[in-house]
Amino acid sequence: WSDTVAKRPDNARAHGQLGASLLRAGRLDESLAASATAVHLRSDYADAHNNLGIAHARAGRPSQAIEHYRRALQIDADDDRARYNLGEVLVQTGRTDEAVGAFERVLRLRPGHARAHNNLGVVLLQLGRVEEAIAHDRAALRLQPQFAEAHYNLGNALARTGDFAAALAAEEAALRETPAFARAHNNLGALLLRAGRAAEAATHFEQALRHQPDYPEAQRNLELIRPR
């Protein structure tokens, strides 16, 4: 798209496509410049606003990301990608009630969106709506059975209900899909420790620290079994 931009510098689509390509390549500053040019040339270019939002979010600028996602949604209220991305940034900034609304709207548009089910489950659990969280975790897994993050989140939610055996099975499932999943190792260790299986628990805390050395919770849990 660089050639097209050079030949047609007033073509908004060319700048937008270049911005998207640069974003996929991880070249955030260049992507931001190209996408900004695209929306300067065509202010109602929803995809370019969405890509600006993604680039700002990755660069650690959530306020600017939200601004561009909302602009994309003003242009096209049914843009499920911008709506999903908005939900993610709202979660990151602690605006959980708004995030619930964003993910619910995504699921009305695309009921088969596994990641939206998973993220909605996470937010609902944060809000204490445990049974609803479990329902969305399970919906994500029906759509994508190998979704390690959804198994992990289901385990978190089941543990909140006191169903520790089912929670343990969910964490084991997460690790079958992603053996290097440090948080799942830590959670499984905590569940095993609760069940009196300290040696197995220690192994999983060690695995958590192997995959994520800077993991204070796993270190503290291991020290419950093996004090320094």
Side-chain angles (χ1 to χ4, degrees), residues 57-58 60 62 84 87-100 102-104 106-107 113-228:
R58 290 181 184 173
Y84 174 83
E88 285 199 321
V89 177
L90 291 170
V91 171
Q92 293 163 12
T93 55
R95 296 159 70 173
T96 48
D97 288 326
E98 291 177 78
V100 167
F103 292 131
E104 287 178 336
V106 171
L107 290 169
H113 197 311
R115 297 201 70 83
H117 277 293
N118 177 67
N119 286 6
L120 182 53
V122 171
V123 179
L124 290 168
L125 187 62
Q126 291 174 1
L127 294 171
R129 295 161 61 178
V130 180
E131 294 301 330
E132 293 173 83
I134 289 171
H136 283 286
D137 294 335
R138 287 181 167 150
L141 289 166
R142 282 193 298 273
L143 292 161
Q144 196 173 321
Q146 297 178 324
F147 194 168
E149 189 81 21
H151 284 293
Y152 165 80
N153 291 327
L154 177 60
N156 282 336
L158 289 167
R160 290 274 289 272
T161 71
D163 191 346
F164 298 113
L168 191 150
E171 300 297 351
E172 288 177 331
L175 288 169
R176 281 195 297 274
E177 301 302 335
T178 305
F181 196 161
R183 287 174 296 146
H185 277 294
N186 183 64
N187 279 14
L188 181 54
L191 291 162
L192 289 165
L193 186 59
R194 183 184 184 89
R197 296 160 62 181
E200 293 171 81
T203 297
H204 284 286
F205 295 140
E206 288 170 341
Q207 287 289 324
L209 289 164
R210 178 181 304 171
H211 297 300
Q212 187 178 324
D214 183 18
Y215 195 166
E217 184 180 350
Q219 185 64 53
R220 287 193 298 271
N221 287 336
L222 182 59
E223 289 172 6
L224 292 173
I225 302 169
R226 298 177 185 165
R228 288 182 173 179

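For the numbers below, each heavy atom of this structure counts, side chains included, while hydrogens, waters and symmetry mates do not. Small disclaimer: the values here were computed from a predicted structure and weren't measured. Here, residue 1 is the first one in the sequence, and each next residue gets the next number.
Interatomic distance, CZ of F103 versus CD of E88, reported as 5.5 Å (0.5 Å rounding). Distance check, rounded to the nearest 0.5 Å: CG of L90 to CZ of R95 gives 5.5 Å. Atom CG in N119 sits 11.5 Å away from atom NE2 in H136 (nearest 0.5 Å). Taking CZ from F181 and CD from Q207, the interatomic distance works out to 14.5 Å, rounded to the nearest 0.5 Å.
For the pair L125 and V130, the minimum side-chain heavy-atom distance is below 4.5 Å. Put simply, the side chain of L127 reaches to within 4.5 Å of the side chain of D97, judged on heavy atoms. Under the 4.5 Å side-chain criterion, counting only non-hydrogen atoms from C-beta, F205 is not in contact with E223. At a threshold of 4.5 Å between non-hydrogen side-chain atoms, the residues L168 and L188 count as touching. Residues H211 and R183 have side chains not in contact (no heavy-atom distance under 4.5 Å, counting atoms from C-beta outward).
The list of side chain to side chain donor-acceptor pair (under 3.5 Å) pairs with a residue in residues 153-162, not counting sequence neighbours, reads N118-N153, N156-N187.
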Please assess L193 against L224 for the test side-chain contact (heavy atoms from CB on, under 4.5 Å), listing each intermediate value before the final yes or no. CA-CA 10 Å; L193 186 59; L224 292 173; 4.3 Å; yes
Chi angles and distances behind the side-chain contact (heavy atoms from CB on, under 4.5 Å) call for L209, L222: CA-CA 9 Å; L209 289 164; L222 182 59; 4.0 Å; yes
Are I134 and L154 close enough, and set up right, to give a side-chain contact (heavy atoms from CB on, under 4.5 Å), and what steps lead you there? CA-CA 6 Å; I134 289 171; L154 177 60; 3.9 Å; yes
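Heavy-atom minimum distance, I225 versus A202: CD1-N, 3.7 Å. Considering all non-hydrogen atoms of both residues, G87 and A99 come closest at O-CB, 3.8 Å. What you find for A167 and G155 is that their closest heavy atoms are CB-O, 3.4 Å. Nearest heavy-atom pair across A133 and G121 is CB-O, 3.3 Å. Taking all atoms of both residues into account, the shortest heavy-atom contact from A174 to A184 is CB-CB, 4.1 Å. In this structure, A157 and D137 approach most closely via the heavy-atom pair CB-OD2, 3.9 Å.
With hydrogens and angles disregarded, a donor-acceptor distance shorter than 3.5 Å links the side chain of H185 to the backbone of P179. For the pair H151 (side chain) and P145 (backbone), a donor-acceptor distance under 3.5 Å is present. Using a distance-only test at 3.5 Å, with no hydrogens or angles considered, no donor-acceptor pair links the side chain of T178 to the main chain of L175.
Counting non-hydrogen atoms of neighbouring residues, nucleotides and ligands closer than 6.0 angstrom, the CD atom of E172 exceeds 12 such neighbours.
At least one cation-pi condition fails for R115 and Y84: the charged atom is not both under 6.0 angstrom from the six-membered ring centre and inside a 45 degree cone around its axis.
Judged purely by distance below 3.5 Å, without hydrogens or angles, the side chains of Q219 and Y215 never pair a donor atom with an acceptor atom.
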